[in-house]
Amino acid sequence: MKVDKALLEKYELGRCTPEEIVAIEEWLVNDEWDDIPDTTVEAKIGGEIWQAIHNKPESKRPLKRPAFILQTKVRTFAGAAAILILFFYFFTLLTKDSFNEDHNVKATNTEKSPILVEKDFFDVLLSSNSEAIINLKKGCISLSGNVLFKPKRDFSLQDRDSSHVFNFKSGLVYILSKDIRTNKLLVFSESELNYLPPIMRRHYLQQFPTT
Amino acid sequence: MKIINCAIKGICFGLITVLFVSCYKPTEKTISIQDKEYALYLLYKDRSAGFALFDKFNEESVFTYVKNPSQGFNREYIKKERSFYQHNYRNGFFVHYEFNEDGQLAGKDSISLKNLSIDNFLWKNKSDTLILFTVDLHNNGVGHMHILKTKPLQLIRKEILPLPKPQNDYNILSIGVSDLEGDNLWIGYSYSKFTSSTDYTTANKMYYANFNFTAIKEPVVQEDLRSTYPGGVNTVQTYQAKNEKGDLYFMSCPGIALGNTTQLPTAIFRKLAKSNKVDTNYMINISDKIGNHAYGFWYIGEQKAIIRAEQKEKYKDFAEHHLVFQFEYYVVDLLTGDLEKINIPADKGTRKETVLIEDNIVYLAIDSQDENHSLWSFDPNTGETKHIHSLDPDIDFILRLDKIN
């Protein structure tokens, strides 16, 4: 096999067949320049290649390298994934109670003064004789009476009775009120209180004197 | 030659920079409140609110936008000359605001008035003494009168209103009109009750009570069955006015937005000057004439007033009442009872204070369809209307139009 510039470049790039590698290595050991015409490979280039080969002992197995890298990556990813899955599994187990508790809240107030229920995802202030059942996982709400509702993140809740979906924004304070007669849930932000009929506004201010 | 070119370029650049810097005026720093005659109070689409100050009603008028003085500040302010007064129901403070040199509305003074809701106010004989008629938040059936000196703010007197207790379960008091002539205090009120946790209705009766302002003892009460819910909260909208002779006219508001007893008519009534009683022979039945209820009554002179009427076929319920472009403005002849519709686009917003009368011309701020928030003029003598100026499309509602200087 004739060793020329193109073959040497191919060798340097690790794209040679086993036969070509053998031919080049024999040529290198031979330490002669006869096979390569002067016009195609200069002495300088040959020296650089020689130097490069001697500085890279593993270069004798260039074909095996990509396969090795692939296997290493698969192993690393598999290991990381396994660790993550295990970590997530244990985290879920450890936090299961509080997770469910904060996503599924049933709060009742039979007292005369309002009661505040604070959760990770929202706070609820229940007026007298009010009840709120909020399930964040299912995205639904069931209510009787009047509550002040302060979400701590954005989410939507569907009224179980009317199936109407309400969007809540983190940081705003909402007044939620159930009309027993029509079974409709009224939802409005605290700033919208100013636009209600005066009698209605006074009614809600009376319900939540701490607002 | 190259050096000369560079020098010329440098001089030009310097001049342009100086010109640019001298022309650039940061809006918030250079407002001269002295130049601003009028203020619009605006609610934006992002639910923020603030003022737009301007100098005159014409196309070239320059608007300066000013932020709300605080998060809790809203449209329910009492304005007198350059002072604004507002009760913050969250913290119970009654605050005096004024525009400062930077053109920002800033708190100057305050007093604590807790657990109450202001239903009505009047200035005592055009003085700096403010009379507030309030309803207790702990007891919806009890009204008080708070008398305040405003410079500086000081509560000088507080009296319970000794109104006869309602006979039935209608026990939520609403004081909608008030007047003080000399020592004779007169208030118009009604009683409501809740029919469910989210709905209420008002008893079919208006009450007018006459007191001696100094003594505030048992009043003489007149009952009127012709309508209900006389007037309304006048920090939000005007419902009464006196004509040139001193006759007091007011409008009842039994519609969905106030009295919520829609079977009774919206109507205009009057109490003649020097009289302590409402004229039982006088009534303009607005609902009969236009088939709708109305809110807001502004006297424009020469026995004429403007009212703002809803269109019941255009809204489904109260939740969308303020969103629908339904409100029409009518001129009412208080002598003949004739109504004439003003030719401007339909407005939105349930209750608004956006009618201003100056030099016999009526100016109106309208939120019409196609995101057009604009100022209009109406000449009562010719009936001619004119579009004056369109405002920022980010506005959702123009809630008030006030003269500030």
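Computed from a predicted structure; not experimentally measured. Throughout, a chain's letter reflects where its sequence line sits, starting with A, and its residues are numbered from 1.
- The contact between A/Ser177 and chain B is made by backbone and side chain atoms together, counting heavy-atom distances below 4.5 Å.
- Contacts between B/Asp317 and chain A at a heavy-atom distance below 4.5 Å involve the side chain alone, from C-beta outward.
- In terms of heavy atoms, B/His138 sits closest to A/Gln206 at O-NE2, 3.6 Å.
- Within 6.0 Å of the NZ atom in A/Lys10, the count of heavy atoms belonging to other residues, nucleotides or ligands exceeds 12.
- Minimum heavy-atom separation, A/Tyr195 to B/Phe318: O-CZ, 3.9 Å.
- Contact count against chain A (heavy-atom pairs under 4.5 Å) is highest for B/Asp119 among B/Asp119, B/Val236, B/Thr202, B/Leu258.
- Counting heavy-atom pairs closer than 4.5 Å to chain A, the top-ranked of the candidates B/Val135, B/Asn74, B/Leu43 is B/Val135.
- Proximity of a side-chain donor or acceptor of B/Ser197 to a complementary backbone N or O of A/Gly145 within less than 3.5 Å is not detected.
- Environment of NZ in B/Lys45: crowded, with over 12 heavy atoms of neighbouring residues, nucleotides or ligands closer than 6.0 Å.
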Requested in this report: Check the pair A/Arg202 / B/Asn140 against side-chain hydrogen bond (donor to acceptor under 3.5 Å, both in side chains), numbers first and verdict last.
Outcome: CA-CA 8 Å; A/Arg202 266 199 261 141; B/Asn140 256 326; 2.9 Å; yes

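- Looking only at heavy-atom pairs under 4.5 Å with chain A, the residue among B/Ile172, B/Val233, B/Thr198 that has the most is B/Thr198.
- When the shell of 6.0 Å around NZ of A/Lys138 is examined, it contains 12 or fewer heavy atoms from other residues, nucleotides or ligands.
- A/Lys184 touches chain B through its side chain: at least one heavy atom from C-beta onward sits under 4.5 Å away, while N, CA, C and O do not.
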Query raised in the report: After noting the C-alpha distance and the side-chain angles of A/Glu192 and B/Arg47, does the key distance pass the salt bridge (Lys or Arg N to Asp or Glu O under 4.0 Å) rule?
Result: CA-CA 9 Å; A/Glu192 289 172 317; B/Arg47 301 347 264 166; 5.3 Å; no

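- Of the atoms belonging to B/Leu399, it is side-chain heavy atoms, and not backbone ones, that fall under 4.5 Å from chain A.
- For the options B/Thr350, B/Asp199, B/Asp136, B/Asn115, heavy-atom pairs under 4.5 Å to chain A are most numerous at B/Asp199.
- With a 4.5 angstrom heavy-atom cutoff, B/Tyr229 touches chain A only via side-chain atoms.
- Interface remark: B/Gln71 contributes no atoms to any contact with chain A (heavy atom separation under 4.5 Å).
- Shown here is B/Lys79, whose NZ atom has more than 12 heavy atoms of other residues, nucleotides or ligands within 6.0 Å.
- Counting heavy-atom neighbours within 6.0 Å of A/Lys106 NZ, excluding the residue itself, gives a total of 12 or less.
- Looking at A/Ile199, the atoms closer than 4.5 Å to chain B (heavy atoms on both sides) sit in the backbone and in the side chain alike.
- Across every non-hydrogen atom of B/Ala257 and A/Pro198, the tightest pair is O-CD, 4.3 Å.
- Here OH of B/Tyr200 is found 7.5 Å from CE of A/Met200. Values are rounded to the nearest 0.5 Å.
- Both the backbone and the side chain of B/Ser174 come within contact range of chain A, judged by heavy atoms closer than 4.5 Å.
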